[in-house]
Visitor: 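What follows is a single structure, and I will ask about it in a moment.
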Protein chains: 2
Amino acid sequence: MTKNDEFPLQQFLPYLLNQAAEESSLEFQQVYKNRYGMLRTEWRVLFHLGIYGRMTAKEIGERSKMHKTKISRAVQRLAERRFLTRDQDEKDRRLEHLELTTAGQAAYRDLRGVAERYDVKLSATLTPEENRVLRQALVKLARMSPDA
Amino acid sequence: MTKNDEFPLQQFLPYLLNQAAEESSLEFQQVYKNRYGMLRTEWRVLFHLGIYGRMTAKEIGERSKMHKTKISRAVQRLAERRFLTRDQDEKDRRLEHLELTTAGQAAYRDLRGVAERYDVKLSATLTPEENRVLRQALVKLARMSPDA
DNA sequence: AGTTAATGGTTGATTTTGTAACTAACAACA
DNA sequence: TGTTGTTAGTTACAAAATCAACCATTAACT
């Protein structure tokens, strides 16, 4: 009783996207986890600060679409480990400007290198067309602006 | 001090894939969560049984790449809610054959309809080329066989 | 048969996430 | 000034995922 023609689960986009996302994240995850004890939210915050420089938790939330509690906890852990500093805004004391420490910048540069090489490796499994169209389609699905 | 040219985070495949996966899963998640109180692992198990019929937890794990503890707990919850039955194999008493109940089949058919319509909706935001190439590339990245 | 290894599946402890309620600060406006 | 509403960020508690250790059973090998 093999009735495998009922629904193409492997073609269902949310399923397919999750499978591909999980699988393609594994190797990079090993690195930021083993090398710096970071979680996914933490490398994301780290990268935002590394790329865009000094910014507030709110701004990170707007760019990354992560929930503010995730960001709050990631910032806490990164601050404990001295990867970033928190600096209260003088005019609006609700705001905290976050900035990478030297150690944070070093970790960022290191992981950025890993990410760059890993992305090249992943891209190599796809044709040029697949690479181009894939990224384009993903951006649409994530409803993100292509640059940002 | 805006130094946003350092690393194209939005082009980093694991990041992009996760963003797209999360975003594109939200709407479907609302349905299986609100309508049946299911978790992601649970609808996945339900679908596997709905599509392929009677099978064991191990077989589900091989197809879905979910960890066995996730599957074990999903099966428990689905069994409690009478969406599936567990039937011990006579020859190898370690094995349990799982099968959807009538209620489980009804839930599967309902959710499958939702999934089909949702997939059409998602596809509609992409061009035909994007749809074709996207799925093709995702299958490669997920290291899955296209049909299954 | 008896011992050891491997397998299918479960459980418990810990970590991580999600949700909602919360605090402190600011804004708007009477 | 006082009241009400927002906003940035935190915290508390429940829900869920992770990881390793664990049974029970079967397989493999002597």
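Throughout, a chain's letter reflects where its sequence line sits, starting with A, and its residues are numbered from 1.
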Visitor: Go through the structure and list residues passing ring-ring contact (aromatic ring centres under 6.0 Å, His included) with Tyr108(B), not counting sequence neighbours.
Guide: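 ring-ring contact (aromatic ring centres under 6.0 Å, His included) list for Tyr108(B), sorted by chain: Phe47(B).
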Visitor: Look at the side chain of Asp110(A) and the backbone N and O of Ala106(A), then say whether any donor-acceptor pair between them is shorter than 3.5 Å.
Guide: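 Here the side-chain-to-backbone pair does not exist.
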Visitor: Taking the side chain as every heavy atom from C-beta outward, state whether Arg135(A) and Gln11(B) have any pair of such atoms under 4.5 Å apart.
Guide: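 A side-chain contact under 4.5 Å exists here.
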Visitor: Under 4.0 Å between a Lys/Arg side-chain N and an Asp/Glu carboxylate O for Lys58(B) and Glu62(B)?
Guide: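 A salt bridge is present here (some side-chain N lies under 4.0 Å from a carboxylate O).
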Visitor: Which comes earlier along DNA chain D counting from the 5' end, the contact point of Arg86(A) or that of Gln88(B), where each point is its nearest nucleotide?
Guide: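 Whichever sits nearer the 5' end wins; that is Arg86(A).
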Visitor: Asp89(B): which residues meet the salt bridge (charged side-chain N to carboxylate O under 4.0 Å, His left out) condition with it, sequence neighbours left out?
Guide: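 Per chain and number, Asp89(B) pairs via salt bridge (charged side-chain N to carboxylate O under 4.0 Å, His left out) with no residue.
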Visitor: Could you go step by step and tell me if Trp43(B) and Phe28(B) meet the ring-ring contact (aromatic ring centres under 6.0 Å, His included) rule?
Guide: CA-CA 10 Å; Trp43(B) 81 257; Phe28(B) 184 57; 5.0 Å; yes
Visitor: For the pair Thr101(B) (side chain) and Arg82(B) (backbone), establish whether a donor and an acceptor sit closer than 3.5 Å, ignoring hydrogens and angles.
Guide: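 Such a contact is found between Thr101(B) side chain and Arg82(B) backbone.
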Visitor: Going 5' to 3' along DNA chain D, which are the first and last nucleotides with any atom under 4.0 Å from a heavy atom of chain B?
Guide: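 It runs dA16(D) to dT26(D).
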Visitor: Between Arg93(A) and Lys33(B), just flag the one whose closest nucleotide in DNA chain C comes earlier from the 5' side.
Guide: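 The 5'-side residue here is Lys33(B).
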Visitor: In plain terms, say whether Glu27(B) and Lys121(B) are close enough for a salt bridge, that is, a side-chain N and a carboxylate O under 4.0 Å apart.
Guide: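 Yes.
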Visitor: Can you list, by residue number, the residues of residues 66-83 of chain A that have a non-hydrogen atom closer than 4.0 angstrom to DNA chain D?
Guide: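 Here the set is Lys68(A), Thr69(A), Ser72(A), Arg73(A), Gln76(A).
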Visitor: Can you pull the contact range of chain A along DNA chain C, 5' to 3', using atoms under 4.0 angstrom from its heavy atoms?
Guide: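 First and last nucleotides in contact are dT16(C) to dC26(C).
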Visitor: Using atom types as modelled and distance alone, determine if a side-chain donor or acceptor of Asp119(A) lies under 3.5 Å from a backbone N or O of Leu13(B).
Guide: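 Between the backbone of Leu13(B) and the side chain of Asp119(A) there is a qualifying donor-acceptor contact (under 3.5 Å).
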Visitor: Sorted by first residue and then second, give each side chain to side chain donor-acceptor pair (under 3.5 Å) pair with at least one member in residues 67-81 of chain A; sequence neighbours left out.
Guide: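 Only Glu42(A)-Arg77(A) qualify under side chain to side chain donor-acceptor pair (under 3.5 Å).
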Visitor: When the nearest nucleotide of DNA chain C is assigned to Arg94(A) and to Thr41(A) on a heavy-atom basis, which residue is associated with the more 5' position?
Guide: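 Result of the comparison: Thr41(A).
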